[in-house]
Amino acid sequence: MDALTPTLPERIARARADLRAGVPVALDGWLALPVETAPDDRLRALAGMEGARLVLTRRRAEGLRLPVYDGELTRVAAGGMAPAALRAAADPSRDLAAPLKGPFEPVRGDPGPAEAAVALAKSAQLLPAMLLARGGAPGLTALPAAEVLRALRALPPLPPVIAARVPLALAERARVHVHRPLPFGPEHYAVEIGDALRRAGMGEAPLVRLHSACFTGDVLGSLKCDCGPQLAAALAAMGEAGAGVLLYLNQEGRGIGLANKMRAYALQDQGFDTVEANHRLGFEDDERDFRLGAAMLRHLGVPRVRLMTNNPRKVERLAAEGIEVAERLPLIVGANPRNEEYLRVKALKSGHVL
Ligand SMILES: Nc1nc2c(ncn2[C@@H]2O[C@H](COP(=O)(O)OP(=O)(O)OP(=O)(O)O)[C@@H](O)[C@H]2O)c(=O)[nH]1
Ligand SMILES: [Zn+2]
């Protein structure tokens, strides 16, 4: 392969853009099309092709009361299925409007590229519902399914691009570092407070916060969660200590993206809790990859941390990646009557320590 030929990770980046644009991707002789973004005529065309099937996650299948799955996926025959029926099966925020779905006929046997197709949809932050059929078309991004799965599980290189001083109201001596995943993906930010990096170099364990993006909480001041107050309290504590590192990971909505988080909120308005809503959409309750945080800490030269979190999974994930968590500091702020239930469910179902 020469230097001008796109590598597999580069072709995967291109495939993610294709899927968001509603363009199918070719996987091992199959076409894979996301139900969420595909235009109706394209869904109809694929549903008319040989072997047409709808691939959903087990989570979504459970929501549809479809007790047919192999492993984490469900495949149902989709030959001739109308676009509206496909969309209703894919998108539970339509469950109230379109309560009657099916009957569905399970597809068994060789799963083909089903798993890679769903993994690509998730990595494009689309609903994990893919229409598959045998065939090809000119001009499509073509990928080998098994290698796609391996590549999507791997941690991308996350080099720092640039850093500059940004004095903050809560911590005047602050620098913002931008880290950019290669070849392509959302950038993540490290906010360095005071002389945290110098002190880390001398063996001290600085205050560290792994914060996941929450547009509604961080920017709008939403009362549905505790993100905004946690962000402010972490920065204030670091400012006071004169040192700290806040990693701002662009994993909105626990990794499902803002559109899906709003779908989850719509389901929560119908009575589902934060975990159930994720499952109903076809996602796991937490789709974040905390290895990103560890990679950024390694780049910054911070091997030991005092981690501000109530989430034991963050401690475990960092430790598994070789970052020593010298201490876990609880970060309990921002409780209010509107997020009482949300915090209770996180403690009950996601193991958060209150
Ligand atoms: N899918 C989904 N995401 C949510 C919901 N409420 C908040 N979030 C997201 O949850 C994440 C909260 O992140 P953090 O505060 O870093 O993590 P945490 O797991 O609560 O752990 P600690 O705050 O460290 O104790 C953000 O990405 C929010 O956008 C929800 O109801 N559904
Ligand atoms: Zn939030």
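Both ligands and their constituent atoms are indexed starting at 1 by order of listing. The first residue of the sequence shown is numbered 1, and numbering continues consecutively from there.
Counting only protein N, O or S atoms closer than 2.8 Å to the Zn ion (ligand 2) gives 3.
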What side-chain donor-acceptor pairs closer than 3.5 Å can you find for residues 228-242, not counting sequence neighbours?
residue, atom, partner, partner atom, Å
Q230, OE1, R209, NH2, 3.0
Q230, NE2, D226, OD2, 3.4
Q230, NE2, L331, O, 3.2

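Here the NZ atom belonging to K261 is positioned 5.5 Å from the SG atom belonging to C225, to the nearest 0.5 angstrom. Rounding to the nearest 0.5 Å gives a distance of 12.5 Å between CG of L348 and NE2 of H352. Separating the OG1 atom in T274 from the NZ atom in K346 is a distance of 7.5 Å, to the nearest 0.5 Å.
Between R254 and E287 there is no salt bridge, since none of the side-chain N atoms of the basic residue sits less than 4.0 Å from a carboxylate O of the acidic one. Ionic pairing of R87 and D91 is not present here: no N-O contact between side-chain nitrogen and carboxylate oxygen is shorter than 4.0 angstrom.
Residues with a heavy atom under 4.0 Å from ligand 1: R209, L210, H211, S212, A213, C214, C227, Q230, Q251, E252, G253, R254, I256, K261, Y265, Q268, T274, N278, R288, T309, N310, N311, K314, Y342, K346, H352.
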For this session: Check the pair D70, R108 against salt bridge (Lys or Arg N to Asp or Glu O under 4.0 Å), reporting the backbone distance first and the verdict last.
Result: CA-CA 8 Å; D70 28 50; R108 301 185 202 279; over 6 Å; no

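Think of F283 as one node in a network of Ile, Leu, Val, Met, Phe, Trp and Tyr side chains linked at under 4.5 Å; its network also takes in L127, I256, L267, F272, L281.
Judged by the 6.0 Å distance and 45° axis criteria, K224 is positioned over the aromatic ring of Y265.
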